[in-house]
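Just the heavy atoms: all of them, side chains too, but no hydrogens, waters or symmetry mates, feed the values below. Chain naming here is simple, since letters A, B, ... match the order of the sequence lines and numbering starts at 1 in each.
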Number of protein chains: 2
Amino acid sequence: MADVAARAGVSVPLVSIVMRDVAGASPENRARVRRAAEELGYRPDSRARLLRRSRSQLIGVVFGVQHAFHGDLVSGLYPAAEALGYELTLSAVTPHRDERRAVAGLLQDRCEALILLGPELPTSSLGQLAATMPVVVLARSVRHRDVDVVRTDDAAGLHQAVDHLVGLGHRRIAHIDGGRAPGAAERRSGYLTALAGHGLADADLILSGGLTEDDGAGAARALLDLRPLPTAVTVFNDRAATGVLDVLRQNGLAVPGDISVTGYDDSRLARLSHVALTTIRQDAAALTHAAVARVVSRLDHETVDVREQVLAPELIIRQTTGPLTTAAVTAPRGGRPDTPAGRRRSTQ
Amino acid sequence: MADVAARAGVSVPLVSIVMRDVAGASPENRARVRRAAEELGYRPDSRARLLRRSRSQLIGVVFGVQHAFHGDLVSGLYPAAEALGYELTLSAVTPHRDERRAVAGLLQDRCEALILLGPELPTSSLGQLAATMPVVVLARSVRHRDVDVVRTDDAAGLHQAVDHLVGLGHRRIAHIDGGRAPGAAERRSGYLTALAGHGLADADLILSGGLTEDDGAGAARALLDLRPLPTAVTVFNDRAATGVLDVLRQNGLAVPGDISVTGYDDSRLARLSHVALTTIRQDAAALTHAAVARVVSRLDHETVDVREQVLAPELIIRQTTGPLTTAAVTAPRGGRPDTPAGRRRSTQ
DNA sequence: TTGAAAGCGCTAACAC
DNA sequence: GTGTTAGCGCTTTCAA
């Protein structure tokens, strides 16, 4: 910086003023400084900058490196933060790097606030963190007075899925749940209350699943043993739903002819033309905007009336749900078939 | 830090010594400082630390937020960097944030070196960057004197896939390529030379694909129109291969009974039990270790003999490849069927 | 083993 | 509009 100042024939603070694009420099000097900086390949050191300003303008983000939907959320967080004059610093959760370590890394970077994507940390840990700095939990529900939450109304999402299926004529609707994953409890209860609303309270059928393709596949195999076979299944998320789809089709069931399937997230996965999964959209852009806005409100010490922001989900109807076909309703199924569709055989 | 020093009744530099775990403090003072730090909830500010030391010990990583295999690589980079005393700072490429911006963000953070995962930047841009600081490109081939490369021998990988298929009796083997994606050219040429090695030079059949599930699905639909139908297809990567699998199965083909499929990467995707994709493993741990080691060598000004490190890939045989079945060889196929497997119908 | 002093690159407060 | 001065939190001489 001193080099730039010398080359431009001005003082160091003036260089600072020019580089930050703030008022207080003549157009001539501005141009001179810019040129000198260019020639010297000078780049401001953000660390030193942030060190000097007491505020770091840095938001830490913890995300799962394997989560497709987290990818969508990170994509949305960048522009949302930029719009409000903040930067993001990312910390990944991997199979060998848990959330604690991811958070610890961010704290060392002196970020002013944390946005956690679907964290699995216990509420108490989140509360401890939130005592130190603003913490916004994205895509999970947490009941703690210090922790802000931005999430989709998961119960309503499953309600919509069930309503849609009932509207198509389905009565035996199963749910493959997400186990202990964030949001799983809400989705389960949404499923149950929706069934009850349609007078199907006794027909509930919950299989234990999870959030990976394999979890979905495993649950689907369990589902195939049920008699009578459900005619529709709502799955915890898109990822698990693709596992379900694969297993159903490999076992000779047509989707949606024999059985309808819904996912959750409207992730990239669901939108693929060959998957075309009916699903519940979580609006990544709205979620991320709300999360960053909340962080900034907290940092600006604005009073916040509601701790939890719950966004409405949206049903996206694609091609994995449809009306019952006669065949599916009447065809008796004597057991789990090996080659249910003629020459087709399972690859499992 | 001053607070900690005051509370422990020592000087500030001594606190520094203790916090960094270096020699030069008595056990008593060490304990006193640690306790004071604990009580005050003190955490060293890494920005200030790095500002003071001229070296930042920071490696910038550019990765694609949607790439499953990049996730595997990031997972491997963390421990590799930690083992050598470096930290990682992540910068994501998203649909709205290109590689240039991702790199610019890292430069501002004053990282000392860059590791780029399968970058699509032109060689010239990479060269420019590499003139400033050590740059290691991971999982892509780049010919530039300043740019270090750590990658898998992609040509050899496809060679292995083709050898495996030929060994199973396949003769009509297609390749769905990755278009302009990093590594695509090598894999294409590996496919071609392998065919030639088996006297099948005239039987080459390359369909244009890409790196997403949709790219694979599209290519698979094109493949279905070919007569005679290939009995095996090697796909650019696992992600595209899953798209291929879906389309093939939805159109009534059994895998591997009617057609064998191979992927590339051995990503999480391929390992899923319901996918069980035969694939080429890129050893993420070895790749990431080599990349970090190379970065550190450069930063230590060690002389480096080979600019490019090429690791051997490994064929992982799972359940999407197998011998030809009589049915598949002889069954004439009159056109692209709507309901090729009896009551099964396509959901497209 | 410990402490005093200087400075990393930058910006805020002030005086000119 | 411009320069001077001071200091962000830390580490590194160097002297005691």
Side-chain angles (χ1 to χ4, degrees), chain A residues 1-37 40-58 85-87 89 105-112 132-133 299, chain B residues 1-37 40-58 85-87 89 106-112 132-133:
Chain A
M1 193 158 177
D3 297 346
V4 176
R7 189 180 186 100
V10 299
S11 71
V12 167
L14 200 50
V15 175
S16 167
I17 287 172
V18 173
M19 294 312 292
R20 281 177 298 147
D21 259 337
V22 298
S26 65
E28 301 156 9
N29 272 337
R30 219 170 265 279
R32 284 233 290 272
V33 169
R34 286 240 168 265
R35 217 171 33 121
L40 267 54
Y42 166 78
R43 288 173 165 285
D45 181 333
S46 59
R47 283 196 325 268
R49 169 177 293 177
L50 298 180
L51 178 60
R52 179 60 241 247
R53 309 165 47 133
S54 49
R55 309 222 4 208
S56 74
Q57 303 277 100
L58 212 55
Y86 282 76
E87 293 201 23
T89 171
L106 290 176
L107 293 182
Q108 278 216 343
D109 289 346
R110 279 288 190 274
C111 41
E112 300 183 74
T132 326
M133 64 202 307
L299 290 174
Chain B
M1 193 158 176
D3 297 346
V4 176
R7 188 178 187 100
V10 299
S11 71
V12 167
L14 200 49
V15 175
S16 167
I17 286 173
V18 173
M19 295 312 290
R20 281 177 297 146
D21 258 337
V22 297
S26 64
E28 300 157 11
N29 272 337
R30 217 171 266 280
R32 283 232 290 273
V33 168
R34 287 242 169 263
R35 217 171 36 121
L40 267 53
Y42 166 78
R43 288 172 166 285
D45 182 333
S46 59
R47 286 194 323 267
R49 168 177 294 179
L50 298 181
L51 178 60
R52 179 59 239 250
R53 311 165 45 138
S54 49
R55 308 222 6 207
S56 73
Q57 303 279 97
L58 212 55
Y86 281 76
E87 292 201 24
T89 170
L106 290 177
L107 293 182
Q108 279 215 343
D109 289 345
R110 279 288 189 274
C111 42
E112 300 183 74
T132 325
M133 63 203 306

Heavy atoms under 4.0 Å, any strand shown: does [X] hit a base, just sugar-phosphate, or nothing?
| X | result |
| --- | --- |
| A:Leu51 | base |
| B:Arg43 | sugar-phosphate |
| B:Val10 | sugar-phosphate |

Side chains of [X] and [Y]: closer than 4.5 Å at any heavy-atom pair?
| X | Y | answer |
| --- | --- | --- |
| B:Met19 | B:Met1 | no |
| B:Met133 | B:Leu107 | yes |
| B:Glu112 | B:Gln57 | yes |
| A:Arg110 | B:Arg43 | yes |

Between [N] ([atom2]) and [X] ([atom1]): distance, integer Å:
| X | N | atom1 | atom2 | answer |
| --- | --- | --- | --- | --- |
| B:Gln108 | C:dC10 | CD | P | 11 Å |
| B:Arg49 | D:dT12 | CZ | P | 9 Å |
| A:Leu40 | C:dG9 | CG | P | 14 Å |
| B:Arg20 | D:dC10 | CZ | C1' | 9 Å |
| A:Arg30 | D:dG1 | CZ | C1' | 10 Å |
| A:Asp45 | C:dC8 | CG | P | 13 Å |
| B:Glu28 | C:dT1 | CD | P | 11 Å |

**Asked** Listed by chain and number, what are the side chain to side chain donor-acceptor pair (under 3.5 Å) partners of A:Arg34, not counting sequence neighbours?
**Response** A:Asp21

**Item:** Any A:Ser16 side-chain nitrogen or oxygen under 4.0 Å from OP1 or OP2 of C:dA12
**Value:** no

**5' precedence on DNA chain D between A:Gly24 and B:Val15 (nearest-nucleotide basis)** =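 Nearest-nucleotide comparison on DNA chain D picks A:Gly24.
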
Between [options], which nucleotide has the shortest distance from any of its atoms to the side chain of [X]?
| X | options | value |
| --- | --- | --- |
| B:Val12 | D:dT11, C:dG9, D:dT5 | D:dT11 |
| B:Asn29 | D:dG3, C:dT1, D:dC10 | C:dT1 |
| A:Leu14 | D:dC10, D:dT4, D:dT2 | D:dT2 |
| A:Arg53 | D:dT12, D:dC10, C:dA12 | C:dA12 |
| A:Arg52 | C:dT1, D:dT11, C:dA12 | C:dA12 |

**Message:** For B:Ala48 and A:Pro13, find the nucleotide of DNA chain C closest to each by heavy atoms; which residue's nucleotide sits nearer the 5' end?
**Reply:** B:Ala48

**Prompt:** Taking the nucleotide of DNA chain C with the closest heavy atom to each, which residue, B:Ser11 or A:Met1, is nearer the 5' end?
**Reply:**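 Nearest-nucleotide comparison on DNA chain C picks B:Ser11.
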
